[in-house]
There are 2 protein chains.
Amino acid sequence: MTMADVAARAGVSKKTVSAVVNGVGQVSRRTDARVRAAIEELGFLPNPAARSLNSRRAGVITLALPHLGSGDLAAIASAVIAAAETAGVGVVVEPTGGDPAREGEVLRPGAGITDGVLLIPSRRTLPVVPGVPVVVIGDRMVQRTVAQVVAPAEASITVAAEVTGESGELVVVAAEEDADLVPESLGATVVPAEDASAGAAFRAVVAERTLFSSGTPNRPRADRVVTLGGGSAIGVAHALRTLGLDIPADVRLAAVGGGGEPAFADPPITTVAPDVRQLAEIAVGRLLGHLDGSDRTVRYDEVGLLVTRRASTGS
Amino acid sequence: MTMADVAARAGVSKKTVSAVVNGVGQVSRRTDARVRAAIEELGFLPNPAARSLNSRRAGVITLALPHLGSGDLAAIASAVIAAAETAGVGVVVEPTGGDPAREGEVLRPGAGITDGVLLIPSRRTLPVVPGVPVVVIGDRMVQRTVAQVVAPAEASITVAAEVTGESGELVVVAAEEDADLVPESLGATVVPAEDASAGAAFRAVVAERTLFSSGTPNRPRADRVVTLGGGSAIGVAHALRTLGLDIPADVRLAAVGGGGEPAFADPPITTVAPDVRQLAEIAVGRLLGHLDGSDRTVRYDEVGLLVTRRASTGS
DNA sequence: CTGAAAGCGCTAACAC
DNA sequence: GTGTTAGCGCTTTCAG
């Protein structure tokens with residue numbers, strides 16, 4: 001069922017069939033109809049491999065992210081896939097496990113069959129100089145030489161802190177490596193967790209329990225908590241309840257990040273999250289812009305934040 | 001940087017280069033070395049499009065699933081991607097939104113650039129007769145004519161019920177459409193939710209609160225609850241606490257499904273979940289078996305269950 | 001063991 | 001408007 005078959009059936013040349021299939025060039029109404037009929041009768045389907053051999057474009061991009069288990073990342077993945085679909089390209093998902101080696105792998109030329117990469121890295125620098133078109137998605141700037149779409153962590157944290165109230169002792173629970181994203185100006189105490197998981201957040205809060213239950217000699221008891229990551233919010237809420245604290249009566253809690261988990265925590269947790277749809281559309285747009293050469297500039301975009309007030313801040 | 005360049009550089013023919021690159025055929029040690037050197041020096045990378053034009057194989061499969069937001073599905077997606085990677089194929093993720101029309105779309109011949117489809121359908125029947133190689137993943141049999149890998153819901157529910165205790169009034173919370181998966185023999189009361197989300201489960205439990213808090217004239221108060229879906233478990237736990245019930249003192253709770261959410265609920269929830277790794281390996285293996293013609297039989301496989309006991313059943 | 005040539009199915013020049 | 005002729009980069013016959 002090749003194009004030649006259709007051409008023969010319709011009594012025209014391949015070029016004409018191609019023109020009809022792609023809707024380009026001039027074809028008379030009669031010929032067009034004849035070709036379409038032949039395509040229909042033969043059940044012809046263009047061969048994507050042949051097409052991309054010529055166009056040197058696969059019509060597929062890679063989305064490389066740490067993992068799919070977190071609701072935040074799953075939400076971004078869904079949005080990216082949707083945006084890509086709208087643009088007519090497929091998405092190969094590549095979980096890196098946050099391993100720089102595997103992140104580097106996807107940035108190597110010839111790493112796969114895809115045209116370019118959207119990368120959500122785990123570190124602040126890229127493991128290699130990318131050999132393929134790439135747009136980085138993250139909550140911070142990683143490297144000036146690559147295009148990037150950012151949902152700025154500092155701004156999110158600041159907004160989340162505001163949402164928990166205007167005054168009171170503030171604690172921010174964050175993965176160790178994210179600790180320096182907390183703006184000094186907030187005067188917050190940072191409780192470091194091993195990583196951004198719920199379990200790590202739980203352990204971190206329990207380890208610093210005096211901060212929440214009684215305060216320390218130098219610090220009054222914390223009554224405002226902001227946590228980085230929608231998943232970790234669950235762990236923090238769980239830990240605070242375990243310490244016998246009521247949310248929001250004793251402590252008001254807000255999470256930076258979305259992804260579904262906070263909505264069904266007990267109580268539901270207020271979130272400050274990037275507009276993932278906007279994020280995805282910009283990222284996909286930038287990458288495709290690189291690919292078709294319509295925009296070769298290395299851009300740095302920031303996306304808007306969405307605040308969802310829930311019971312954890314006393315809504 | 002084509003194969004012809006390498007051939008010229010090494011002073012051999014393209015055929016020889018091809019043989020070296022693919023490790024097939026007989027090439028003398030000297031020639032092999034010369035070709036490898038040329039490849040190295042030129043930084044040659046084989047063109048995947050040209051390769052798949054010949055092999056009529058893209059080296060990519062589609063994973064079509066309702067969405068990525070649920071931990072259960074995200075876990076399956078991760079496992080499938082890992083299994084596919086091991087087998088050397090990429091995975092295009094296609095969220096269908098549970099829409100039969102979109103499920104049908106991915107089963108249409110020529111739907112994409114991929115070689116075959118792993119489908120997690122939302123309904124019990126496929127929307128169309130598949131036009132591409134397909135393996136269905138699910139918790140029930142959908143159609144005898146397609147290959148399928150199943151984590152049987154009935155068995156999971158039965159095991160979960162056992163884990164909540166040997167006796168006592170049993171309630172199963174399940175999405176309406178899954179209600180008939182609950183084995184009669186358990187003598188359970190089924191509480192139907194709109195869907196498998198946490199929110200729907202919460203509302204369902206609250207709507208039937210008398211069942212849990214005081215019992216009905218005909219039924220004693222339920223003290224064992226099984227819920228379908230790792231996500232819905234969160235909603236059920238939240239609802240039970242809202243009703244003033246203690247887990248596990250007043251009611252023991254177990255979830256069918258995994259995905260991370262149950263582990264960080266309060267209290268952590270016991271789960272009965274399919275071995276997703278095994279599931280993924282079988283599914284990918286079957287699909288690739290179809291593709292390379294090494295196994296053309298339509299198989300029906302069942303996978304094992306993993307029981308994770310946590311505090312919600314009084315562990 | 002290696003080379004030359006003929007495609008894989010499509011698109012792109014360049015004619016008519 | 002439409003046909004002809006070359007390729008895209010790789011894998012195969014088929015020779016040698």
- Short side-chain N/O contact to C/dT11 OP1/OP2 from A/Asn22, under 4.0 Å: yes
- Item | Residue A/Asn47, side-chain atoms from C-beta onward, closest of D/dT11, C/dG9, C/dA12 | C/dG9
- Message: How many whole angstroms separate atom CG of B/Leu53 from atom C1' of C/dG7?
- Response: 9 Å
- Task: Mind calculating the distance between CE (B/Met3) and C1' (C/dA5) to the nearest angstrom?
- Result: 15 Å
- Under 3.5 Å: donor-acceptor pair, side chain of B/Arg286, backbone of B/Gln148: no
- Determine, step by step, whether B/Arg108 and B/Glu105 satisfy the salt bridge (Lys or Arg N to Asp or Glu O under 4.0 Å) criterion, reporting the C-alpha distance in whole Å, the side-chain angles of both residues, the deciding distance to 0.1 Å, and the verdict. CA-CA 5 Å; B/Arg108 269 197 5 217; B/Glu105 191 66 24; 3.1 Å; yes
- Task: May I ask you to verify if any side-chain N or O of A/Ser18 is less than 4.0 angstrom from the OP1 or OP2 atom of C/dC10?
- Result: no
- Are B/Thr16 and C/dG3 close enough that a side-chain N or O sits under 4.0 Å from OP1 or OP2? yes
- Atom-pair distance (CG on B/Asn54; C1' on C/dG9), nearest Å: 10 Å
- Roughly how many Å is it from CZ in A/Arg30 to P in D/dT2, rounded to a whole number? 10 Å
- Message: I want to check one thing: is the phosphate of C/dG9, taken as OP1 and OP2, less than 4.0 Å away from some side-chain N or O of A/Thr2?
- Response: no
- Message: Measuring to OP1 and OP2 of D/dT2, would you say a side-chain N or O of A/Ser28 lies under 4.0 angstrom away?
- Response: yes
- Message: A quick test of your reading: do over 12 heavy atoms of other residues, nucleotides or ligands sit less than 6.0 Å from CZ of B/Arg277?
- Response: no
- Query: Are any of A/Arg51's side-chain N or O atoms less than 4.0 Å away from OP1 or OP2 of C/dG9?
  - Reply: no
- Query: Contact class for B/Val27 (heavy atom, under 4.0 Å): base, sugar-phosphate, or nothing?
  - Reply: sugar-phosphate
- Looking at A/Arg30, A/Arg36, A/Arg29, which one forms a side chain to side chain donor-acceptor pair (under 3.5 Å) with A/Asp32? A/Arg36
- Query: What integer distance in Å separates A/Asp5:CG from C/dG9:P?
  - Reply: 9 Å
- Query: Once you round it to whole Å, what is the distance between P of D/dC8 and CE of B/Met1?
  - Reply: 14 Å
- Sugar-phosphate only, base, or nothing, as touched by B/Val17 at under 4.0 Å among non-hydrogen atoms: nothing
- Message: How many whole angstroms separate atom CZ of B/Arg57 from atom P of D/dT12?
- Response: 11 Å
- Query: Over how many whole Å does the gap from A/Lys14 atom NZ to C/dG7 atom P extend?
  - Reply: 12 Å
- Note on the structure: Closest of D/dT13, C/dC10, C/dG9 to the B/Lys15 side chain is D/dT13
- Give a yes or no answer on whether the side chain of B/Asp5 reaches the backbone of B/Met1 with a donor-acceptor pair at less than 3.5 Å. yes
- Query: How is A/Thr31 classified with respect to the nucleic acid when contacts are heavy atoms under 4.0 Å: base, sugar-phosphate, or nothing?
  - Reply: sugar-phosphate
- Query: Is any side-chain N or O of A/Arg56 closer than 4.0 Å to OP1 or OP2 of D/dG9?
  - Reply: yes
- Note on the structure: Sorted by position of nearest nucleotide on DNA chain C, 5' first, the leading residue of A/Pro48 and B/Gly11 is B/Gly11
- Note on the structure: Per nearest nucleotide of DNA chain C, the residue lying toward the 5' end, B/Val12 or B/Ala50, is B/Val12
- Per the side chain to side chain contact (heavy atoms under 4.5 Å, CB included) rule, which among A/Val132, A/Thr62, A/Val106 passes with A/Thr114? A/Thr62
